[in-house]
Amino acid sequence: MKPQKPTTLDFEKKLDQLRASIEKVQSNATSQDQVSKIEELKFELEAQTAEVYATLSPWQRVQVARHPDRPHTQDYIDMCFSNFIELHGDRYYGDDQAIVGGPAKLGNHRVMVIGHQKGRDTQENVRRNFGMASPEGFRKARRLMKLAEKFKLPLITFLDIPGASPVLEAEERGQAWAIAENLMEMAGLKTPFITTVIGEGGSGGALALGMADRVLMQEYSVYSVASPEGAASIVWRDHKFAPRAAEALKLTPSDLLKLGVIDRIIAEPTGAAHRNYLDAARLLKETLTEELDSLRSRSVENLIQSRNAKFRSIGTPTSNPSGLAEDSVVS
Amino acid sequence: MKPQKPTTLDFEKKLDQLRASIEKVQSNATSQDQVSKIEELKFELEAQTAEVYATLSPWQRVQVARHPDRPHTQDYIDMCFSNFIELHGDRYYGDDQAIVGGPAKLGNHRVMVIGHQKGRDTQENVRRNFGMASPEGFRKARRLMKLAEKFKLPLITFLDIPGASPVLEAEERGQAWAIAENLMEMAGLKTPFITTVIGEGGSGGALALGMADRVLMQEYSVYSVASPEGAASIVWRDHKFAPRAAEALKLTPSDLLKLGVIDRIIAEPTGAAHRNYLDAARLLKETLTEELDSLRSRSVENLIQSRNAKFRSIGTPTSNPSGLAEDSVVS
Amino acid sequence: MQFFKGTKKPSHAISDLWITCTSCNRMIYRREHEDNLKVCGKCGHHGRLTASERLELLIDDLSKFEEIAPEMRSEDPLGFSRDGLDYPDHLKRYKSSTGLEDAAVAGTGFIDGRHVSLVVIDFRFLGASMGAVMGEKVTLAVEKASLEGVPLIIVPCSGGARMQEGMISLMQMAKTVAAIRNFHDQGGLYIAILTDPTLAGVTASFASLADVLIAEPGATIGFTGRRLIEQIVKQKLPKDAQSAEFMLCHGMIDLVVQRNVLRDTLINTLDLLAGPTAPKNSQAHTSLPETVQQ
Amino acid sequence: MQFFKGTKKPSHAISDLWITCTSCNRMIYRREHEDNLKVCGKCGHHGRLTASERLELLIDDLSKFEEIAPEMRSEDPLGFSRDGLDYPDHLKRYKSSTGLEDAAVAGTGFIDGRHVSLVVIDFRFLGASMGAVMGEKVTLAVEKASLEGVPLIIVPCSGGARMQEGMISLMQMAKTVAAIRNFHDQGGLYIAILTDPTLAGVTASFASLADVLIAEPGATIGFTGRRLIEQIVKQKLPKDAQSAEFMLCHGMIDLVVQRNVLRDTLINTLDLLAGPTAPKNSQAHTSLPETVQQ
Ligand SMILES: [Zn+2]
Ligand SMILES: [Zn+2]
């Protein structure tokens, strides 16, 4: 559901001013001159938007990824998929609305789609706990993963979570256990599996849906081991160092592509997904379809082997048995 | 743990009087005459006990099966097994103390033992909810069944439950789901599996641990689709008809052996297990060992096939396609 | 849709023309209620359907329904008698009032052209208590689905165990579940539609083990009946306790679906999980993939 | 038992002779504390053990411990620097204070004559945060256990993720779990002994996926740290929240075991689940049955 009242980030303000000018001219445009003026302003808006977004700092990118108007999982389900049936419940304790999922069609592919779900307004955010999933959400996701495996539906997940719910009740019901069980499930899941970070990929709660054959990120999403605020508290002992932490954590798509943590970046329309839902959805759907076609041409055994080999290789440090390795490079 | 203050059932009263006489004579026995008197009284006690227990009505058998002094699962674990390690928790919600379980040794066999656990005194009964298991108890049992299967430990279970916990909280956490999942687990469990009703085998909560290759009952246990009180409420619309329901339900070991629901009856010492823990345990252990030796000589595939074939055949009604079968018997 | 055309209404006395909603107590014109699939137009209460009404609602063509073991009836394993009424005579009374041999009706039919194995259950027959006939018919339907590689659809309903069959009744839980485990191990698709009420041994065996659990609005679903819980805890339960919506909220079921879109939801679920309809008697198991190489 | 004979104590200044219990604040004679396996004689508080103390406590003979990748050390994948302190220099400080390259020590050894693959973790090294070295060493130990068909014993401890390695740190969760899944699929036995504290990504990956989860008394175990929870909910948590005993009560762990019987409990568990000790390099996988025919 698109937002009723758009939110403007600091660095978007001058773009909003341009937008206001365009509307003003447009509202009483009669002469050919005025029409040209509008065209000119629109061109200007496009150029300035591109410029602003080309030079975002990592911390500004975090703001975009968290933008309250940014499309969420259900928006992409509505725009990219058909025949979706939302399935509910973990069969143990509850139905966590911070995670949604169910079978659907992506073009002609029957798939299982699961994602973190933030709310759009305060009321929905309370219901969805601001997208901070609880153990029963992760367990619902695991149940749906097993269904996907059983019925040989490729799995498509969307990551968009500030972090797993940080309350005592979640601890009591085994937040860590729920996440670990999901990882173990995904490590051997016998079906093609694509994940896309569509907003905030926050820590273990994000990875709990994201151990996929193909890990994609939308252009203005971020994916991080901890929130910049949390990392700042730990490393700088003050959450106000969040912008510096955002820089240091290397949480942008291009950095993570270089680090080998993700496989591909999905472009967003100028001004990011929250300015143009339809184009964002179209670009996402095209990429998902292309990736899915490619994965389906491979055997499930091959997929699982490659999936685990990929995660096996991330960050493997050089082992220097007896400290000889460094020297032996010389000889 | 043996009870401190024994309880006496109505039909045991005259036996208790005899016991009191013996103690009285014993306490100041000096002459040879008195010693002979004691022998005589003891002989009389044995004979009368045998007589009383030979003619128990089904309803009286229900009282014996529920006898507060009757040995419970933990008593048999202590007396028949060694090296027991109690494992806790369902990994979802809690640790239900109405079910205990863990690996142990039965003679030289490494096994997994699981059973319903009633309390001995009020305090323990509160902790163990009078043996009425909750969903997390059944889920703990399922986890231990899976461990047994993984490590190829034969499974030995003890049934002793008035019924699954009948409170709203148990409904909320899926009491029915937990029991059904256990049945599905046991239906394909790849390990030899023996169950013994040691007290009250109450309904689905009992069966949730009891879909075994060999279903045994101790001589003075009962196994029933519902408590006699519950069945009386349903059928006679008054729980006071419990004695009549106990009769009608065919819940005694010999009736159930005839009906093909159980495979074997384990003898108890004269006066039932609560009068003689050690002999009851010895008879139980001998039977379990014998049955286990026999099951271990068979392949797991064969066991599962026979297990399901047995339950498949229970109560299969005559199908009379087109109503012809009855006539065709004549021709 | 010509709904419930099989329902016989011999006379048109006033009491036959109007019924009272069991939920909101308002009078409803019977014809309208039946046109509305027995859902109260005022309060949305979903009335119970008979076995044949349920079949008519779900399958393409009642005449193509091939019933499994239609004549199967309860034996009297315990020699059960209550106040002079023998169990077999008791059953005969229900047969004459319902036209059924027992609560469960099993068979194969088509849903949107797809061959399925199906069980529906009629509460009118002794409160749909589970005895050997229900256990056996469910098991036969599951075995049929396994054998033919078609989806399994069960529409459970039950007040509890069939007391008159004692432990034979309890053992039907084990029997049905063993068949369902085998079906799942083969990769079969099982969808259950829980109706009012689904309780006790039926919920704790075949009913809750579906891949997708749909429930009708307001249906009572659980293990222990409300009356017993209230006796034990000595207080009234909230009105919605054990309702389908309550169970959805507690994570136990997938969907609560209004009866007027039940068949469509079922068809969509079948299409998504089992794939496009294969022609009848096709070799392909419906749950096999179309394009993933194995 | 000659406990912690490896602990070096160069001087005997008064501050070295006495320590203060971090739980009850009472003074304890250091020698007595170490003889008591660093368990406070007054309040029972289980003090943290170093990696070598933990090994000495659990395995038969420290000299037969074959360490895996002892020289492996963190690289600096992000080029991380804080206030002029580069991450590699940061690590060097910890190396010089602990003598370790990183928090995790992995290897193979014997417990009661049984060959096992083992990982112990030392909190002193950067709060036992999980970076690529811990992830890699755990993975290598799991792979070793798979390859040799021996039980896997991990003694986790961690304050959280290694921020300085960013997403590389997070990915260690996936890496370790994939190895553990493979080990479980092979039927391997994995026992974890959770120590104070076991939090965040370590609990949410390899630590909680054991067949048997043992914890030390009073150990803090969970996902989110206490401080963050208290910030979010704006109130103090109960003192025992996230303790081993709390987690036992909530069904998350199997056993809380006093340190003085920990080794015996571990041996009994190994004997029961993996069977009698097989000679080293025996062909038989320890989890295979002795008498059941397959
Ligand atoms: Zn109404
Ligand atoms: Zn202390």
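Sequence lines set the chain letters: A, B, ... in the order given, protein chains first and strands last, and positions in each chain run from 1. Note that these values count all heavy atoms, side chains included, but never hydrogens, waters or copies made by symmetry.
Contact tally against chain C (heavy-atom pairs below 4.5 Å) for B/A187, B/G174, B/P166: the top residue is B/P166. Highest contact tally toward chain C, considering only B/A170, B/A176, B/S165, is held by B/A176 [criterion: heavy-atom pairs under 4.5 Å].
In this structure, chain B has no heavy atom under 4.5 Å from any part of C/Q235. Using a 4.5 Å cut-off between heavy atoms, B/L183 contacts chain C through both its backbone and its side chain. In this structure, no portion of B/R307 lies under 4.5 Å from any heavy atom of chain C. Contacts of B/L249 with chain C are made by both backbone and side-chain atoms, with heavy-atom separations under 4.5 Å. Only the side chain of C/V233 comes within less than 4.5 Å of a heavy atom of chain B; its backbone N, CA, C and O stay farther away. Heavy atoms of B/V261 lying under 4.5 Å from chain C belong exclusively to its side chain. For B/E181, the parts lying near chain C are the backbone and the side chain together; criterion is any non-hydrogen pair under 4.5 Å. Looking at B/S224, the atoms closer than 4.5 Å to chain C (heavy atoms on both sides) all sit in the backbone: N, CA, C or O.
Here the CG atom belonging to B/L251 is positioned 12.0 Å from the CG atom belonging to C/L170, to the nearest 0.5 angstrom.
Using a 4.5 Å heavy-atom cutoff, the side chains of B/K250 and C/F80 are not in contact. With a 4.5 Å cut-off on side-chain heavy atoms, C/K175 and B/M211 do not count as touching.
Using a distance-only test at 3.5 Å, with no hydrogens or angles considered, a donor-acceptor pair links the side chain of B/E171 to the main chain of C/F223.
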